[in-house]
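A quick write-up on the structure given underneath.
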Amino acid sequence: MRQISPSLVSFHSSLSFSFPTFSTNSRFRTLPCFNLQIRAMTSHIVGYPRMGPKRELKFALESFWDGKTSAEELQKVASDLRLSIWKQMSDAGIKYIPSNTFSYYDQVLDTTAMLGAVPSRYGWSGGGEIGFDIYFSMARGNASVPAMEMTKWFDTNYHYIVPELGPDVEFSYASHKAVQEYKEAKTLGVDTVPVLVGPVSYLLLSKPAKGVGKSFSLLALIDKILPVYKEVVAELKAAGASWIQFDEPTLVMDLDSKNLCAFTHAYKELESSVSGLNVLIETYFADIPVEAYNTVTALKGVTAIGFDLVRGSKTLDLIRNGFPSGKYLFAGVVDGRNIWANDLDASLSTLQALEGTVGKDKLVVSTSCSLLHTAVDLVNETKLDKELKSWLAFAAQKLLEVNALAKTLSGLKDEAFFSANAAALASRRSSPRVTNEAVQKAAAALKSYDHRRATNVSARLKSQQRKLNLPVLPTTTIGSFPQTPGLRKVRREYKANIISEEEYVKAIKKEIEEVVKLQEELDIDVLVHGEPERNDMVEYFGEQLSGFAFTVNGWVQSYGSRCVKPPIIYGDVSRPKAITVFWSTLAQSMTKRPMKGMLTGPATILNWSFVRDDQHRSETCYQIALAIKNEVQDLEKAGINVIQIDEAALREGLPLRKSEQAFYLDWAVHSFRITNCEVQDTTQIHTHMCYSNFNDIIHSIIDMDADVITIENSRSDEKLLSVFREGVKYGAGIGPGVYDIHSPRIPSSLEICERINKMVSVLETNFLWINPDCGLKTRKYSEVKPALTNMVRAAKTTRMLLAKC
Ligand code: GLN
Ligand code: ZN
């Protein structure tokens with residue numbers, strides 16, 4: 001393995017090297033110790049993207065999974081990526097460089113492997129190290145066993161693999177990854193801070209394994225997992241680590257005292273094992289509640305605490321009111337969740353104020369959370385213009401920002417860096433590209449009154465039924481049909497000017513014709529055009545709205561090897577011209593059946609983008625709502641009687657802290673209503689959501705006042721239906737998905753009948769719709785045709801049975 005040459009290490013990391021309080025083993029042993037009079041303020045990074053600047057890990061993983069490359073080849077790509085990341089951080093002058101933030105799939109799954117907590121269905125015999133076969137089987141399933149459940153990591157678009165635990169799990173130290181990575185970095189001359197998912201957050205993020213009673217407390221396992229953590233700590237110490245970072249992000253949630261006590265207990269238990277080490281507890285993603293703040297600042301054996309100070313303005317007050325003397329504060333002032341350049345002057349004044357509270361030598365400049373949630377490197381953005389680029393900072397640039405702040409506090413301000421930053425910020429503030437006064441005014445006016453359709457939903461449904469004349473249990477699909485390689489090629493070639501607009505329209509038209517014909521043959525009641533012209537449900541709209549920009553390589557990991565490329569909303573949003581009317585009316589002209597106009601809703605466009613940070617998110621959401629409203633009006637005028645406004649990501653934006661949720665739901669739901677408040681009663685508004693965990697927000701869903709809602713249902717043990725079993729009344733149309741489109745499996749019509757029966761027992765038949773869980777774009781026609789055939793057959797069978805009753 002290549003060694004990092006000492007000459008690569010910047011002057012400022014040599015400064016931090018000379019900082020006396022930290023690590024007895026120097027990071028760069030070959031460096032001479034500078035005896036500087038200047039106090040060295042230090043810098044830290046919570047975590048870093050693993051995919052690589054050009055998604056190198058994704059391609060290596062997928063080729064390994066396809067059997068095209070060996071485990072060694074995958075490992076080589078992975079170690080090269082780790083090396084380059086460590087080197088980049090060294091070069092940037094970062095003092096506390098994390099290790100073990102790399103993962104082949106997910107850091108929570110890595111912890112499950114570390115603890116040997118493999119669910120028995122994967123046939124792991126126990127003992128020894130967990131290899132790729134078991135690891136990837138847990139992540140992705142194998143021919144005979146499905147994958148473990150995946151769920152969203154807090155309010156990010158990253159998904160983790162949910163540990164399945166119960167009283168009988170035998171824990172053992174089964175993955176030495178953390179120690180191996182620490183050693184690997186050390187061999188390269190980098191003394192890193194190994195990062196582990198903290199023991200309490202690990203348990204709080206787990207779920208009881210199948211068959212384990214609901215009354216089982218996952219936290220009861222703490223004393224069973226701590227021995228493994230102790231072994232890991234002991235090995236890290238033996239390998240020479242002087243710091244360890246435990247990520248305990250659940251501390252920002254609304255935890256009760258029992259949960260908080262688990263932290264006190266766990267770290268007291270670990271105290272003797274960690275003695276001699278500096279222990280950093282890292283929290284992120286929100287303000288920390290006062291009770292959790294009191295708990296974390298009092299933890300035994302803990303020498304440093306990291307807080308998200310971008311989202312944590314109240315946390316800042318808590319710190320000002322008292323921070324334990326002698327402990328380090330890792331101040332997360334550089335945003336890990338966004339792509340905007342930091343306001344360095346503002347951060348500097350926050351940090352300077354904190355110096356007074358925590359002591360000059362106890363303040364460390366850091367990121368608000370792992371940089372996993374931002375794009376990797378602005379250098380690879382060839383299509384963004386210079387001005388826009390100057391407003392941005394991806395992970396690689398954030399390293400420089402953190403270090404520039406740390407240097408400044410050490411008395412070594414890089415004036416040029418700061419003035420370039422101030423100039424970029426000023427240009428962003430005053431740029432005519434950002435502000436559109438008409439839009440600002442129109443959006444501001446929206447807040448003064450509520451927007452609702454004039455008639456209530458039951459009256460509307462009657463008018464719609466008179467017009468649409470649908471059977472009971474009408475069938476429909478969610479929007480997209482399979483995106484074939486041929487279709488992708490057409491879009492690509494059109495974008496690259498290889499084919500003309502005429503050829504492009506001809507090809508897409510042909511595709512729509514086929515999709516319409518297929519749906520008529522299948523005898524589906526409400527048709528879709530199949531979305532062949534769309535690459536992505538947000539990008540497609542963003543590309544046609546003003547105020548949006550797009551990156552070439554701004555990928556962010558979503559799960560496993562999957563990444564998303566969120567658009568950047570930098571300015572006021574408006575719709576220069578109609579977006580979908582051409583395709584929707586074309587599709588409607590091909591059939592007598594109702595054709596759904598297909599739009600993406602404001603909260604989803606917002607939540608799946610990098611949103612501007614110079615105004616409240618609600619302002620941006622209202623602006624998008626106005627743009628979508630114009631589109632809805634145009635579709636209606638053009639004769640489209642059914643319009644679906646997807647809100648696949650409405651729940652995703654829900655703040656973590658309960659106290660902030662009502663406000664979010666209020667403006668997100670209001671934005672949805674704005675989009676369609678002016679349509680006629682006879683125009684049927686659908687919405688669609690891709691998740692079923694509704695229990696807590698069901699009243700907001702009802703308040704969206706859509707005529708029909710289609711929802712994911714089949715993957716999650718039909719949790720959705722339980723909401724209605726518990727007595728919630730829903731008087732609008734509802735289509736809980738009758739089969740899982742995420743799996744290639746073809747459901748039988750009997751199985752779908754059983755699902756429909758379950759729905760009929762809970763929901764009124766008059767309101768029920770029959771549809772799959774989500775869009776079909778990731779499936780093949782060989783799967784979609786038989787699955788939809790069975791779905792329509794099941795609907796017809798149930799209709800017959802109902803008619804006989
Ligand atoms: N209409 C979209 C589609 O069918 C909805 C996708 C989604 O919910 N994620 O593809
Ligand atoms: Zn969906």
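Fair warning: this is a prediction, and the values are worked out from it, not measured in the lab. Read the numbers this way: they start at 1 and go in the same order the structure lists the ligands and their atoms. FYI, side chains are in, hydrogens and waters are out, and symmetry mates aren't considered; it's all heavy atoms of this structure.
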Atoms of ligand 1 close to Cys774 [distance to a heavy atom under 4.0 angstrom, numbered from 1]: 7 (C), 8 (O), 9 (N)
Closest protein heavy atom (residue, atom, distance) for atom 8 (O) of ligand 1: Cys690 SG, 2.8 Å
Do we see a donor-acceptor contact under 3.5 Å between the side chains of Tyr158 and Gln107? yes
Give the residue and atom name of whichever protein heavy atom lies nearest to atom 2 (C) of ligand 1, and the separation in Å to one decimal. Asp646 OD2, 3.4 Å
Apply salt bridge (Lys or Arg N to Asp or Glu O under 4.0 Å) to residues Glu754 and Lys758 and explain how you reach the verdict. CA-CA 6 Å; Glu754 282 166 4; Lys758 275 196 199 159; over 6 Å; no
Should the ring pair Trp667 and Phe663 be called parallel, tilted or perpendicular, given that the plane angle runs from 0 to 90° and is split at 30 and 60? perpendicular
Derivation and outcome, side chain to side chain donor-acceptor pair (under 3.5 Å), residues Thr591 and Glu520: CA-CA 8 Å; Thr591 179; Glu520 288 192 330; 2.5 Å; yes
Which heavy atom of the protein is the closest neighbour of atom 3 (C) of ligand 1, given with residue, atom name and distance? Ser480 OG, 3.3 Å
Which of the ligand 1 atoms, numbered from 1, are nearer than 4.0 Å to a heavy atom of Gly775: 3 (C), 4 (O), 10 (O)
Protein contact of atom 6 (C) of ligand 1 - nearest heavy atom, named by residue and atom, plus distance: Met537 SD, 3.5 Å
Name, closest N/O/S atom of His688 to the Zn ion (ligand 2): NE2
Test item: Thr682 side-chain N/O and Gln464 main-chain N/O as donor-acceptor pair under 3.5 Å: no
Testing the 3.5 Å rule here: is there a donor-acceptor pair between the side chains of Arg491 and Gln483? yes
Can you check whether Lys777's main-chain N or O pairs, donor with acceptor, with Ser480's side chain at less than 3.5 Å? yes
Just which atoms of ligand 1 are under 4.0 Å from any heavy atom in Gly479? 4 (O)
Check whether NZ of the Lys or CZ of the Arg Arg337 lies under 6.0 Å from the centre of the six-membered ring of Phe285 and within 45 degrees of that ring's axis. yes
Nitrogen or oxygen atoms of Ile478 and ligand 1 under 3.5 Å apart: yes
Side chain, backbone, both or neither: which part of Glu531 has a heavy atom under 4.0 Å from ligand 1? side chain
Element-labelled atoms of ligand 1 that are located less than 4.0 Å from some non-hydrogen atom of His688: 8 (O)
Please indicate whether any nitrogen or oxygen in Trp608 is less than 3.5 Å from any nitrogen or oxygen in ligand 1. no
